[in-house]
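Let me begin by presenting the structure, written as structure tokens, before commenting on it.
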Amino acid sequence: DGVDGSGVWVRATDAEVFLGNRSEGERLRITAETVTEDGMRRLTAIQGLERLEGDLPRPAATVVPIADLLGDRVTRLYGTVVRVEDVTVTDDDPAPGDGDMAPTGEFEIADGLRVDNALFAIWPEPRDGTEFAALGGIPTRANGLDKLQPRGDFDVEYGPARLVSFGPERTSIRGGITGVPINENFEPLRVRVDQIAGGEGIPIEAESDNPALVVEPLSIPPGSNEAGVQVTGNAEAEGVTVTVTLGGESLSALVDIEA
């Protein structure tokens, strides 16, 4: 039905001819034999390859429910391009599959679907609770597990950003200046989120519980997942609480203002 059964895997190591450096968007004619292993159809004993066209657009992903990638239908989806929507990371450090070793760099989303990093590693590494509006890729089976293989950042569409960390726990800054406070190890006060900010950045609410310390406007800049927290110390004070808030979640750290 539609995309079902339309995918096939090709391994260069199975070729009896030189495949060259193949590019995304090429249409090829391949002369080979087919085998099925773990439900995946694969070309083997490749004897000929002809390039027919190039620079073709990526095939559109088929939206499927996660259950289809964990049930009987998945064998018909191996090697195709699919997309699951509105999913959340439920395990950011799952146990390795057969023949694999920790850390795997993989994670699981709802119902235990494993998202692999063999073709593309999502960075920063997703944490428990990270939300994705959509994840695309190629269904495959490896290490005794059914997995989804994202191909690039174009297969990743984040949901709302979440706070990951805010610290160090205690830093200091001299009064009368504006800057990022540091601790005794010269580590700056920084906030991190679970995704790379897009073109408009990710604004974060930040406030101090003491008027002696003013927190400057805070935003994660485009292309990053972290930002230094700039403050202005107006008077000497100890243990001023600075709180950052994003999406209803808050984290706090202490800042001392030195004379």
Side-chain angles (χ1 to χ4, degrees), residues 2-12 21-28 38-42 54-71 73-94 97 100 103-143 145-162 164 193-200 202 220 222-225:
V3 72
D4 291 45
S6 64
V8 63
W9 285 90
V10 182
R11 278 206 308 236
N21 295 319
R22 304 269 51 96
S23 299
E24 183 181 10
E26 289 185 310
R27 176 171 291 161
L28 308 172
D38 285 334
M40 294 192 299
R41 188 172 55 169
R42 177 167 59 85
D55 299 322
L56 298 174
R58 296 187 184 103
T62 300
V63 177
V64 298
I66 289 179
D68 283 3
L69 299 179
L70 295 169
R73 188 188 178 194
V74 69
T75 58
R76 304 193 301 275
L77 294 173
Y78 289 147
T80 66
V81 181
V82 302
R83 172 183 169 105
V84 293
E85 298 181 335
D86 298 324
V87 295
T88 301
V89 176
T90 55
D91 190 346
D92 59 16
D93 188 23
D100 208 351
T104 64
E106 302 173 346
F107 60 92
E108 287 184 354
I109 54 179
D111 298 323
L113 177 63
R114 189 73 59 101
V115 180
D116 204 353
N117 62 348
L119 300 179
F120 174 75
I122 299 174
W123 186 88
E125 293 185 355
R127 303 291 188 94
D128 287 347
T130 296
E131 299 179 15
F132 294 95
L135 277 176
I138 303 172
T140 185
R141 186 167 182 82
N143 308 113
L145 299 168
D146 288 316
K147 303 182 180 184
L148 180 65
Q149 298 269 14
R151 301 160 295 164
D153 54 10
F154 51 84
D155 274 333
V156 181
E157 184 178 336
Y158 284 101
R162 299 177 68 244
V164 170
V193 297
D194 64 350
Q195 59 187 261
I196 300 298
E200 297 182 359
I202 300 174
I220 306 294
S224 180
N225 73 316

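Predicted model only: the values in this text are computed from it and were never measured.
- For the side chain to side chain contact (heavy atoms under 4.5 Å, CB included) test, residues two or more places apart in sequence or in another chain that qualify with Ile220 are Val191, Val193, Ala197, Ile202, Ile204, Ala227.
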Give every donor-acceptor pair under 3.5 Å between a side-chain atom in residues 124-138 and any protein atom, sequence neighbours left out.
residue, atom, partner, partner atom, Å
Asp128, OD1, Asp92, N, 2.7
Thr130, OG1, Arg127, N, 3.0
Thr130, OG1, Arg127, O, 3.0
Thr130, OG1, Asp194, OD2, 3.1

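- Residue Gly199 comes nearest to Pro222 through the heavy atom pair O-CG, 3.4 Å, listed as atom of the first residue, atom of the second, then distance.
- For the pair Arg22 and Leu28, the minimum side-chain heavy-atom distance is below 4.5 Å.
- Proximity of a side-chain donor or acceptor of Arg41 to a complementary backbone N or O of Gly79 within less than 3.5 Å is not detected.
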- List the steps and the verdict of side-chain contact (heavy atoms from CB on, under 4.5 Å) for Leu77 and Asp4. CA-CA 5 Å; Leu77 294 173; Asp4 291 45; 3.9 Å; yes
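- Under the side-chain hydrogen bond (donor to acceptor under 3.5 Å, both in side chains) criterion, the residue pairs touching residues 145-160 are Tyr78-Asp146, Arg83-Glu157, Glu106-Lys147, Asp116-Gln149, Arg141-Asp146, Asn143-Lys147, Arg151-Asp155, with sequence neighbours excluded.
- Listed by chain and residue number, Asp93, Pro94, Glu108 satisfy the side chain to side chain contact (heavy atoms under 4.5 Å, CB included) test with Asp91 (two or more places apart in sequence, or in another chain).
- Sorted by first and then second residue, the side-chain hydrogen bond (donor to acceptor under 3.5 Å, both in side chains) pairs with a member in residues 55-68 read Glu24-Arg58, Asp68-Arg73; sequence neighbours excluded.
- Partners of Leu70 according to the side chain to side chain contact (heavy atoms under 4.5 Å, CB included) rule, which considers only residues two or more places apart in sequence or in another chain, are Ile66, Asp111, Leu113.
- In this structure the side chain of Ile109 never reaches within 4.5 angstrom of the side chain of Thr88, judged on heavy atoms.
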